[in-house]
**Q** 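Take a look at the following structure, please.
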Amino acid sequence: MSELSVNHLLGIKYLNQKDIQLIFETADHFKEVINRPIKKVPSLRDITIANLFFENSTRTKLSFELAEKRLSADVLNFSSSQSSVKKGETLIDTVNNILSMKVDMVVMRHPNPGAGVFLSKHVKASIVNAGDGAHEHPTQALLDSYSIREKLGDVNGKKVVIVGDILHSRVALSNIYALQLQGAQVMVCGPKTLIPKYIDKLGVKVETNLTKALNWCDVANMLRVQNERMDISYFPSTREYTQQFGVNKKLLDSLDKEIVIMHPGPINRGVEITSDVADSKQSIILNQVQNGVAIRMAVIYLLASKIKQ
Ligand code: NCD
């Protein structure tokens, strides 16, 4: 039987092409399951999963929780605003206390890059990174590629532009790794100040003109400006950002082909994307959310089968 090459999902950086293939094939099966009248399978009845969220989340937290429940796992939810972390407890102590209650897997979102890797070295549980600061967000990149595969038949050979705040985005980095592993061409587009200096080393194209970028691509993944990670101004005003890097219907209609529009959410309507684009038939934003549950079921199922061995 095929299995993942890793015991944790810490980042796309640690996966290989076969892992992604296996996750997608497993997600195909679970996507069929969640469209049945009875959306649940008993696969993980003997597994307990703790969702530890040290940072805000709506979609990702609900999506993981639903995925775990659809697999019949026991689920514990923890968010740092209500926890003893505020009383000075360390991350390792917090997690070890939770694990002593016989928890098998930890899904963690944390503001510090590398928090998942750190935890995986110090605690006995399978760790799933649900976003570590501006570093990686592997399940988001997996569900993004899975949604491209569903819409366009394959990721290999496709041209994908990631637009916006590349510098502060964990979605961007995980997407770059995932898309390249699958043979897609990747471009980033945004204000120069929001494109990291090391970008050349990642082997992606860089474009600061949105019209040119959209004319080049098959898929545009629009990112939110991560204001919460900025302590200085990276562009003159939101209005100017929108004028140069926001996608609107007029711009889309001026292209000579129909491109696919994606966004990881939460969207800021009227900033990086107008409502008529977000709600258009070119947008697969809600398909991404739906696919997120099947992808997370696949990841958790595959990691759990390694614990059980
Ligand atoms: C993203 C995140 O948290 O990194 N959202 C998500 O998980 N769907 C993107 C964002 O916050 O802009």
Side-chain angles (χ1 to χ4, degrees), residues 9-13 27 51-68 77 79-81 107-116 127-148 160-179 188-191 194-196 219-230 234-235 238 241-242 245-247 261-274 277-278 283-297 299-300:
L9 180 63
L10 301 172
I12 302 290
K13 192 167 64 190
N51 298 317
L52 312 186
F53 278 71
F54 296 90
E55 227 191 34
N56 296 345
S57 174
T58 311
R59 254 157 304 273
T60 306
K61 189 160 178 279
L62 291 177
S63 180
F64 268 110
E65 193 177 335
L66 199 57
E68 292 151 5
N77 284 311
S79 86
S80 62
S81 56
V107 173
M108 184 171 74
R109 171 167 286 196
H110 199 280
N112 295 350
I127 311 290
V128 180
N129 178 6
D132 58 333
H135 182 221
E136 278 227 42
H137 191 353
T139 54
Q140 181 69 45
L142 289 167
L143 75 89
D144 288 344
S145 286
Y146 185 79
S147 302
I148 294 174
V160 181
V161 61
I162 306 172
V163 182
D165 183 0
I166 313 299
L167 184 67
H168 300 103
S169 171
R170 51 193 171 212
V171 176
L173 189 61
S174 287
N175 258 278
I176 291 170
Y177 290 141
L179 291 164
V188 296
C189 176
L194 289 178
I195 295 184
V219 179
N221 195 351
M222 306 303 298
L223 301 182
R224 183 178 66 86
V225 175
Q226 311 274 299
N227 289 311
E228 69 277 23
R229 299 195 204 287
M230 295 181 186
Y234 286 80
F235 45 84
T238 303
Y241 178 86
T242 302
F245 298 102
V247 65
I261 298 291
M262 301 176 68
H263 195 306
I267 61 175
N268 280 169
R269 288 178 185 261
V271 181
E272 69 276 8
I273 189 166
T274 52
V277 172
S283 152
I284 58 165
I285 297 174
L286 293 179
N287 305 56
Q288 290 173 259
V289 178
Q290 199 184 72
N291 287 334
V293 178
I295 282 289
R296 292 181 172 112
M297 285 174 82
V299 165
I300 292 165

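Order of appearance sets the numbers: ligands from 1, and atoms from 1 within every ligand. Sequential numbering from 1 along the given sequence is applied to the chain's residues.
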**Q** Under the ring-ring contact (aromatic ring centres under 6.0 Å, His included) test, which residues partner Tyr146, sequence neighbours left out?
**A** Phe24
**Q** Check ligand 1 for close polar pairs with the protein: N or O on both sides, less than 3.5 Å.
**A**
unit_1	atom_1	unit_2	atom_2	d
ligand 1	3 (O)	Arg109	NH1	3.3
ligand 1	3 (O)	Arg109	NH2	3.3
ligand 1	3 (O)	Arg170	NH2	2.9
ligand 1	4 (O)	Arg170	NE	2.7
ligand 1	4 (O)	Arg170	NH2	3.4
ligand 1	5 (N)	Gly265	O	2.9
ligand 1	7 (O)	Thr60	OG1	2.9
ligand 1	7 (O)	Arg109	NH2	3.1
ligand 1	7 (O)	His137	NE2	2.7
ligand 1	8 (N)	Gln140	OE1	3.4
ligand 1	8 (N)	Pro264	O	2.9
ligand 1	8 (N)	Gly265	O	3.3
ligand 1	11 (O)	Arg224	NH2	2.9
ligand 1	12 (O)	Arg224	NE	2.8
ligand 1	12 (O)	Arg224	NH2	3.3
ligand 1	12 (O)	Gln226	NE2	2.8

**Q** Taking only residues two or more places apart in sequence, or in another chain, which ones meet Tyr177 in a ring-ring contact (aromatic ring centres under 6.0 Å, His included)?
**A** none
**Q** Partners of Glu55 by side chain to side chain donor-acceptor pair (under 3.5 Å), sequence neighbours excluded?
**A** Arg170, Arg229
**Q** Under the side chain to side chain contact (heavy atoms under 4.5 Å, CB included) test against Leu173, which residue among Lys13, His135, His137 passes?
**A** His135
**Q** Do Arg109's NZ or CZ and the ring of Phe53 fall within the cation-pi criteria of under 6.0 Å and 45°?
**A** no
**Q** Is the closest side-chain heavy-atom distance between Phe245 and Leu194 below 4.5 Å?
**A** no
